[in-house]
Amino acid sequence: MSNDPDKVWPTGLTLSEAEEVHSYLIDGTRVFGFVAILAHILVAVTTPWLG
Amino acid sequence: MLNYKRFAVGKLASLGTRYLPFADVASEDVPLSRLLRLSLFQVTVGMAMVLLVGTLNRVMIVELDVSATLVALMLALPLLFAPFRALIGFKSDNFKSALGLRRLPYIFKGTMLQFGGFAIMPFALLVLSGYAEAVDAPRWLGVGSAALAFLLVGAGVHIVQTVGLALATDLVPEEDQPKVVGLMYVMLLVGMIVSAFIFSTLLENYTPGKLIQLIQGAAVITILLNGIAMWKQEARNRERAAAPASDMTFSTAWSQLTARKGMVRLLVIIALGTAGFGMADVLLEPFGGQVLNMTVAETTRLTVVLAVGSLFGFGLASFWLGVGSRPIDVACYGAAIGVPAFGLVIISAINLMPSLLVIATLAAGFGAGLFGHGTLTATMRSAPREQIGLSLGAWGAVQTTAAGIAITIGGVIRDVMLVAPGAGASAARPYLPVFALEAALLLLAVIVAWPLRRRSIAADRAIAVSDGA
């Protein structure tokens with residue numbers, strides 16, 4: 001393993017690469033979170049639980 | 001002092017790239033198994049199409065009792081997104097990524113949208129139809145969430161298919177492209193047939209619970225198959241990652257594309273031919289049933305015959321193009337076969353001959369296969385490597401829009417003729433203008449394609465002459 005100053009421990013990605021991977025993670029969380037919330041609202045409208 | 005850092009790094013390095021979703025190298029020859037795996041994304045696209053146009057179309061009208069107009073509007077929503085295919089293709093061509101990827105991120109996002117749409121779709125439909133407690137739900141909630149679900153699935157399908165095809169084109173050298181196009185079409189067809197069969201078996205006895213299971217099952221399968229398809233396909237390109245961001249705008253790229261010789265003509269041919277072949281897709285079964293008195297099983301078999309014809313078309317086109325035929329020729333032959341095929345359909349209606357209709361359907365499917373394969377291969381070949389996404393996006397935009405408009409026009413013509421005065425005279429009357437229009441559109445496609453064909457023959461001769469000199 002080289003000691004490239006751009007590379008971040010422990011993955012060996014550079015900072016911008018790591019940020020890009022992270023951006024996909026954030027995107028996914030946002031979209032799936034939104035979808036999950038909406039799906040729960042719709043289910044609660046059809047068959048309400050908790051009263 | 002424990003050298004844990006060195007230990008961890010060494011461990012990671014020895015794991016290598018085995019568990020990373022990138023290809024190790026952009027190898028010259030891609031084995032067939034890898035292409036087969038890549039083509040799985042077409043299976044999910046086919047599945048989504050069948051679910052929307054076939055299964056849900058019926059379930060919403062028959063079981064959920066939603067008005068036919070609202071259903072038609074919902075199913076047309078994904079079409080609104082079709083023209084954006086060109087933009088998606090362009091964006092993926094010029095995607096700025098530190099990782100040196102350009103197709104994978106888009107396929108990931110497209111898959112995510114498709115999954116999200118499927119995840120909320122069953123509940124949105126139940127709210128829309130006023131199931132259980134949802135009778136009191138405000139109208140906008142049902143309509144809005146169902147529309148959103150259809151939009152998400154539509155957008156996802158458009159993105160996955162456009163960028164997936166671009167990735168496939170990236171992977172193979174030009175002489176193998178016909179093989180890949182054939183494979184992609186066959187897998188789309190396989191996905192549609194297999195999922196239509198599975199959906200109809202699962203929904204034999206409809207319950208709301210089964211509908212939820214079915215659609216969410218489709219969502220999970222979408223993620224799984226697309227994941228398997230994309231794994232280790234795209235190589236990371238460090239040069240592209242290091243290069244400065246391109247300042248090319250979409251309008252410049254688009255005008256470059258349309259300025260290329262024959263490109264606009266090719267797109268017109270694709271629109272005409274797709275409209276010609278696609279117009280009767282949903283009318284064929286009611287036509288067989290109402291006019292030729294075929295049973296449900298027989299009309300379903302008509303659809304299978306159409307698919308078998310297309311399979312033969314794809315196969316033969318792959319073979320011809322593989323031995324060096326010109327794509328535009330193959331497309332021309334396909335459209336030319338379609339003209340007499342739809343003529344035969346009309347004759348079968350007048351003489352009430354179901355066997356003739358079967359032969360005509362087989363011929364129409366065969367022509368559609370040749371035409372589809374020829375035009376897609378022509379599109380792939382007409383673009384320089386760095387603009388593949390844009391041209392495939394243009395192909396998809398034109399193709400999907402034309403098919404959608406054609407199906408709508410076909411349905412409208414039939415419905416108008418049904419209520420027109422004197423419509424009771426014969427059961428065939430509402431359908432005949434549709435088939436006649438199809439034949440006319442295909443004839444027009446051949447006429448438009450002819451100069452392009454002559455030009456490509458002349459270009460080949462010029463190359464042959466300069467080689468000989």
Side-chain angles (χ1 to χ4, degrees), chain A, chain B residues 4-14 20-21 95-101 104-105 108-109 111-113 115-138 141-142 144-146 148-149 152 156 208-209 212 216 219 223 236 238 241-242:
Chain A
M1 283 278 113
S2 66
N3 282 325
D4 186 334
D6 279 347
K7 299 223 171 190
V8 195
W9 188 83
T11 54
L13 294 170
T14 64
L15 204 57
S16 53
E17 285 170 346
E19 276 169 0
E20 188 176 324
V21 171
H22 186 60
S23 79
Y24 298 136
L25 191 72
I26 296 283
D27 273 359
T29 313
R30 281 187 186 145
V31 172
F32 287 124
F34 168 72
V35 162
I37 292 169
L38 184 59
H40 277 80
I41 293 173
L42 291 170
V43 174
V45 168
T46 21
T47 49
W49 63 89
L50 296 180
Chain B
Y4 63 90
K5 183 173 169 179
R6 175 166 295 168
F7 173 78
V9 169
K11 201 79 187 157
L12 276 173
S14 72
L20 291 176
F95 186 63
K96 181 71 192 145
S97 156
L99 291 167
L101 298 167
L104 214 52
F108 167 67
K109 284 173 193 165
T111 307
M112 201 160 68
L113 294 181
F115 175 90
F118 280 141
I120 55 175
M121 190 176 283
F123 310 116
L125 293 182
L126 291 179
V127 173
L128 181 71
S129 68
Y131 171 73
E133 303 291 319
V135 234
D136 308 324
L141 183 65
S145 53
L148 181 71
L152 283 176
I212 297 174
Q216 298 211 318
I223 288 257
R236 291 181 54 187
R238 281 177 204 284

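Remember, predicted model here, so these are calculated numbers, not experimental data. Order of the sequence lines fixes the chain letters, A, B, ..., with proteins taken first and strands second; residue numbering starts at 1 for each chain.
- Residues B/Leu99 and A/Glu20 approach most closely at N-OE1, 3.3 Å, considering heavy atoms.
- Closest approach of A/Val35 to B/Ile120, counting heavy atoms only: O-CG2, 3.6 Å.
- Side-chain contact between B/Leu101 and B/Arg236 is present, with heavy atoms from C-beta onward closer than 4.5 Å.
- With a threshold of 4.5 angstrom between heavy atoms, B/Tyr131 approaches chain A through its backbone and through its side chain.
- If you measure heavy-atom distances from A/Val31 to chain B, the contacts under 4.5 Å come from the side chain alone.
- For chain A, no part of B/Ile212 is nearby; none of its heavy atoms comes within less than 4.5 Å.
- The structure places CG of B/Leu113 at 12.0 Å from CZ of B/Phe118, a figure rounded to the nearest 0.5 Å.
- B/Ala134 approaches A/Thr46 most closely through the heavy-atom pair CB-CG2, 3.7 Å.
- Each of B/Pro208, B/Ala119, B/Ser145, B/Ala137 has some count of heavy-atom pairs under 4.5 Å with chain A, and the biggest count is that of B/Ser145.
- Ranked by heavy-atom pairs under 4.5 Å with chain B, the first of A/Ser23, A/Ala36, A/Ala39, A/Ala18 is A/Ala39.
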